[in-house]
A.B. asks: 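After the structure tokens below, expect a handful of questions from me.
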Amino acid sequence: MAEKMQLNEVEVWDGNYAAAQALRQAQVDVVAAYPITPSTPIVETYGAFVANGYIDGEYVMVESEHGAMSTCVGAAAAGGRVATATSSQGYMLMVEVLYQASGMRLPIVLNVVNRALASPLNVRGDHGDMYLGRDSGWVQLDAFNAQEAYDLNLCAFKIGEDINVRLPVMVHQDGFVTSHTAQNIHPLSDDEAYAFVGDYKPVEEMLDFSKPVTYGAQTEEDWHYEHKAKQHRALMDSYTVIDRVFDEFEKKTGRKYKRLETYMMEDAEVAILALGSTVETSILAAKQLREEEGIKAGVVAPRCIRPFPFEELRESLAGLKCVAALDRSCPMGAMGALYNETCGALATIPADQRPMVTNFIYGLGGRDFSVEEAKRIFREQKANADVGYITTPVQQFSGLRGPKLGFYEMKRS
Amino acid sequence: MVGWDEVTHGVVLNSFEQEVENVAHIRPEERPYSDFSSYTATVASWRVIKPVYNRDICIDCQNCWVWCPDTSIISRDKQMLGIDYDHCKGCGVCVEVCPTNPKSLLMFAEAEDLESALSQWPEKKKKEKK
Ligand code: SF4
Ligand code: SF4
């Protein structure tokens, strides 16, 4: 039996340490480690936990992130509870295997500490990597701060391992902003956390010699389409389990999570739609604007990037005047990913109830996103709302040095 | 063809129709292989040349059994019995690894019959003196 760790009611942890603690409390059987900045401390800390007897499982050093995810796939297929962590280039290298994991319906937990993609080389955070895996068939949860990184990791095991889901789950957090800044964290005790996550019940495990199975078979046109449809269906339907796990978590801790988080949206006229640590910055800006300038500002934030909260988004944004979808990644030749998905949800609303949507690219490669910048964005939405059309380019680069950069001017007809 | 709601979860294919104990001790022909098992499927029609096995020379070293990529060497109680032509694809690996002199396995044209193949077996090669 692994040693228990005595935790205080309030601990001071950064996002990485919080994630590592959640993995320890879930008593993961196999963690494959190939460290990459800024997620390194997750597996590093986990390694120390293993070395000090706090974990019974295996800690496997591999030769690359491709190897790390491959090890995870093998260990999960063998019947173990499995997790790892990555960022940026490492995540890119994992992508090929991410599809194997989800196609085989293996409930692996992957911590993605979001970081910019090279080149230019940059260890700071943006969401370029997050969007890279959005069609890979994983449940994707987004933590806006360190406490949430801890909480969502515990939820991730429970969601992915549910027999109605059986899909791998990613937990995102912002590189450095969340991963390396310490906050007060309210952890569960080891016993409570493990009781919440529950024992792992493997399904069709390869180490059950009385029932040999083949994983990852070749299917060609005979089966591929049907398997992908079934997998898509499982991910689409996983929201019921996600909701249930979030409910159970609230009952245990009082901390409430929703697939789409909304702040001050009851009477909002304009809104910012964002992910990651930017959500808290935007909430602060909205509060200040409400007090100082009377702008009815709200914030909407998908907690669950996959399955995408399509209906919830449509409901919370209908009737609004203006929405700014903030993308912390450069879409290269298109509108931002969050913008596009939001517009997809809104296209189902009758035109007279549909808000105007603009797209802000911001904070690339760790460029700071300030309350002032969020306020500027809110004010601009308000100005658009007042005149009733988009006065600025639809896509703008916020916080960029040099002349203004934007695309798609709206001509007033 | 099955519909999307009937395909197996995660493309996991069960080798057997039911659970089995001690598979290694059950003869292949007596195992309850499922339709998804490669045992019940054959792509041996790809083969253009085939290995022929000569019992008289074989020393039962099991090399061919270990190396055959298609588990097509039939061996019981460490004794070589021959080749499973339903699964052998004619790659020739077994012949390469056979250590006897002459080899106990040799490749012949697919159409060659066993008797004529055995009649053409080479003599033991003398070691060349330097
Ligand atoms: S030819 Fe290849 S497939 Fe056939 S028995 Fe020999 S090694 Fe196996
Ligand atoms: S490798 Fe040759 S000698 Fe060895 S068991 Fe096979 S046929 Fe016999």
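Throughout, a chain's letter reflects where its sequence line sits, starting with A, and its residues are numbered from 1. Treat the numbers as computed from the prediction; the structure is a model and nothing was measured.
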A.B. asks: Less than 6.0 angstrom from the centroid, inside 45 degrees of the normal: does A:Lys158 satisfy that with respect to the ring of A:Phe196?
C.D. replies: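 Yes, A:Lys158 and A:Phe196 form such a contact.
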A.B. asks: At a 4.5 Å cut-off on heavy atoms, which part of B:Asn14 comes close to chain A: side chain, backbone, both, or neither?
C.D. replies: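 Both parts, backbone and side chain.
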A.B. asks: Could you walk me through whether A:Asp135 and A:Tyr99 pass the side-chain hydrogen bond (donor to acceptor under 3.5 Å, both in side chains) test, one step at a time?
C.D. replies: CA-CA 9 Å; A:Asp135 291 341; A:Tyr99 282 76; 5.5 Å; no
A.B. asks: Is the A:Tyr34 to A:His66 ring centre distance short of 6.0 Å?
C.D. replies: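 No, too far apart.
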A.B. asks: For the candidates B:Asn22, B:Val23, B:Val7, which exhibits the highest count of non-hydrogen atom pairs separated by less than 4.5 Å from chain A?
C.D. replies: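 Highest number of heavy-atom pairs under 4.5 Å: B:Val7.
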A.B. asks: Quick one: OG on A:Ser87 to CD on A:Glu65, what's the gap to the nearest 0.5 Å?
C.D. replies: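 The distance works out to 9.0 Å.
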A.B. asks: With a 4.5 angstrom heavy-atom cut-off, is it the side chain or the backbone of A:Ser102 that approaches chain B, or both, or neither?
C.D. replies: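 No part of it gets close to chain B.
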A.B. asks: Please confirm whether the ring centroid of B:Phe36 lies under 6.0 Å from the ring centroid of A:Trp223.
C.D. replies: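 Yes.
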A.B. asks: Given a strict heavy-atom distance threshold of 4.5 Å, which part of B:Val12 is in contact with chain A: side chain, backbone, both, or neither?
C.D. replies: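 Both parts, backbone and side chain.
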A.B. asks: Please confirm whether A:Arg259 makes a cation-pi placement over A:Tyr239, using NZ or CZ under 6.0 Å from the six-membered ring centre and within 45° of the ring normal.
C.D. replies: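 No; the conditions do not both hold, so A:Arg259 does not lie above the ring face of A:Tyr239.
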A.B. asks: Based on non-hydrogen pairs under 4.5 Å, which of A:His227, A:Met104, A:Lys211 is most in contact with chain B?
C.D. replies: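 Heavy-atom pair counts peak at A:His227.
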A.B. asks: Using heavy-atom distances under 4.5 Å, tell me whether B:Thr8 contacts chain A through its side chain, its backbone, both, or neither.
C.D. replies: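 Both parts, backbone and side chain.
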A.B. asks: A:Met206, A:Arg166, A:Lys230: which one forms the most heavy-atom pairs within less than 4.5 Å of chain B?
C.D. replies: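 Result: the option with the highest number of such pairs is A:Lys230.
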